[in-house]
Amino acid sequence: MDLNRLKQIDACSWSVPLHSGEKRAPVILYGSQSLLASMDDKVLEQITNVACLPGLVGSAMTMPDAHWGYGFPIGGVAAFDPEQGGIISAGGVGFDISCGIRCLRTNLDLQHIAPHLEKLADALFRAIPAGVGEEGKLKLTPAQLNDVLTGGAQWAVQHGYGHADELEFVEEHGRMTGAVPGYVSEVAKKRQRGEMGTLGSGNHYLELQVVEKIFDAAAARDFGLHQGQVLISIHCGSRGLGHQIGTDYLLSLAKAAGRLGIHLPDRELACAPINSPEGQEYIGAMNAAVNVALANRQILAHLTREVFDKILPQASLETLFDVSHNTCKLEKHQVDGKERLLYVHRKGATRAFGPGHPALPARYRTAGQPVIIGGSMGTGSYVLAGTLESENRAFSSASHGAGRAMSRTQALKRWQGKELIRELASKGILIRTQSMRGAAEEAPGAYKDVDEVAAATEQAGLAKRVAFLRPKACIKG
DNA sequence: ATGTGC
């Protein structure tokens, strides 16, 4: 990105100056100079388009890990007021609705798992269905799937997957309200009936990690983290159902925009007013997809526990937190000293509530919400904590991952899956995957430097670093 | 991301 097009506000925030006659809301890009310099110009173009949409409140923003996406950039945050013609956009949520990370903390340290790492990786790879179109053991009837659409992770717990007391550490207590199965197409439902409890493909993974560094001792204590401890992160979303809802509603929202004369700077920004039939239908369907993702991660956590029970029966796997990074949620926010109810799109951006927020479990009320920045296969992840400052800066949002630095096509030209996996193994990171092509697309080199993203996230005041996690074994789709 | 796609 040409930094001359930006005005630097402070070390990690930049604005886009308004040209004369240009009608749009302000745009803020968060990130270090080097992250922004290597960011695609398309990010700037896309977030500037978002700032032209009706009913936008405050600024349209990008997180430090932003990259080019469908319509909205990935790493984009935009809040809309339903009372001021604010819109909802499927491209502002993402196709993988409610994609997110469930992070489990264990009572094991690296030395406990090190002798069993190969065995654990193999067993997890057998137990966790991964890959495009892969189906799981569960085959749901249409009525059962409808129950998942409204019940989320609570449905999963009621059916023997995990424990009721861990739902406190899952966003929305594991169940998103406002889900309307009737707004989800039959095609979308049919696709999902065999896909519960599956990981999917692309950047989705299940990873065994070790806490390598603690940045904030007090928050780490509240989160139950210590150096050398084994954690497990599960990154996945709403599979075929979410994708099908995205596809279905792109058309319906585009029609609504046309009918209501909403000017779209880019066709991919298809949207409808929140207070319109199409907007409400999309929201009902999207919330149903959120429940599918929450149930999916709940089931996968259970399958992971079953594997550990067999190999290391003394292991206990507790939920640290489960948080999504592809959503649009109705939340209360302070705007110019006044409380307002806004629909916050976070696409490739994590909700990051600060200390004291009423939605947080008592255990995290002091430290703030755990925020998980998932890395690429070889480079590690971060646990951060939400800050009070993030509320003013970004409607309580933070980065979600390392963020791609290169397209999948480019990555395929540069790396070979087999070679990459051998190289990572020599560094002590085991990869188990269905697809060598997928592995090449996910090469660590195709991503931004996760250390830089986490540092910039903290410097921008969006969240505070708590722990760095080093990967040991990774199951990929 | 995706029963990956001109």
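We name chains A, B, ... by the order of the sequence lines, and we start the count at 1 in each one.
Across the protein-nucleic acid pair, A:Ile245 atom CD1 and B:dT2 atom C1' stand 13 Å apart, rounded to whole Å. One interatomic measurement links the two molecules: CD of A:Glu195 to P of B:dT4, which rounds to 11 Å at whole-angstrom precision. Rounded to whole Å, atom P of B:dT2 lies 10 Å from atom CG of A:Asn296. Put simply, CD on A:Gln434 is 15 Å from P on B:dT4, counting in whole angstrom units. For the pair A:Phe95 CZ and B:dT2 C1', the computed distance is 9 Å after rounding to whole Å. Straight-line distance from the CG atom of A:Asp248 to the P atom of B:dT2: 16 Å, rounded to whole Å. When rounded to the nearest whole Å, the span between CD of A:Gln192 and C1' of B:dT2 equals 12 Å. Spacing between atom CD of A:Glu134 and atom C1' of B:dT4 amounts to 15 Å, rounded to whole angstrom units.
Between B:dT2 and A:Ser201, a contact under 4.0 Å exists linking OP1 or OP2 to a side-chain N or O.
Of all non-hydrogen atoms in A:Leu53 and A:Pro265, the two that sit nearest each other are CD2-CD, 4.4 Å.
Salt-bridge annotation for A:Arg408 and A:Glu442: present, with a side-chain N of the basic residue lying under 4.0 Å from a carboxylate O of the acidic one.
For A:Arg259, the side-chain hydrogen bond (donor to acceptor under 3.5 Å, both in side chains) criterion is met by A:Glu278, not counting sequence neighbours. Residues passing the salt bridge (Lys or Arg N to Asp or Glu O under 4.0 Å) test with A:Asp322 are A:Arg102, A:Arg297, sequence neighbours excluded.
Within 4.0 Å (heavy atoms only), A:Val93 reaches no atom of the nucleic acid at all. Within the 4.0 angstrom heavy-atom criterion, base atoms lie near A:Arg437.
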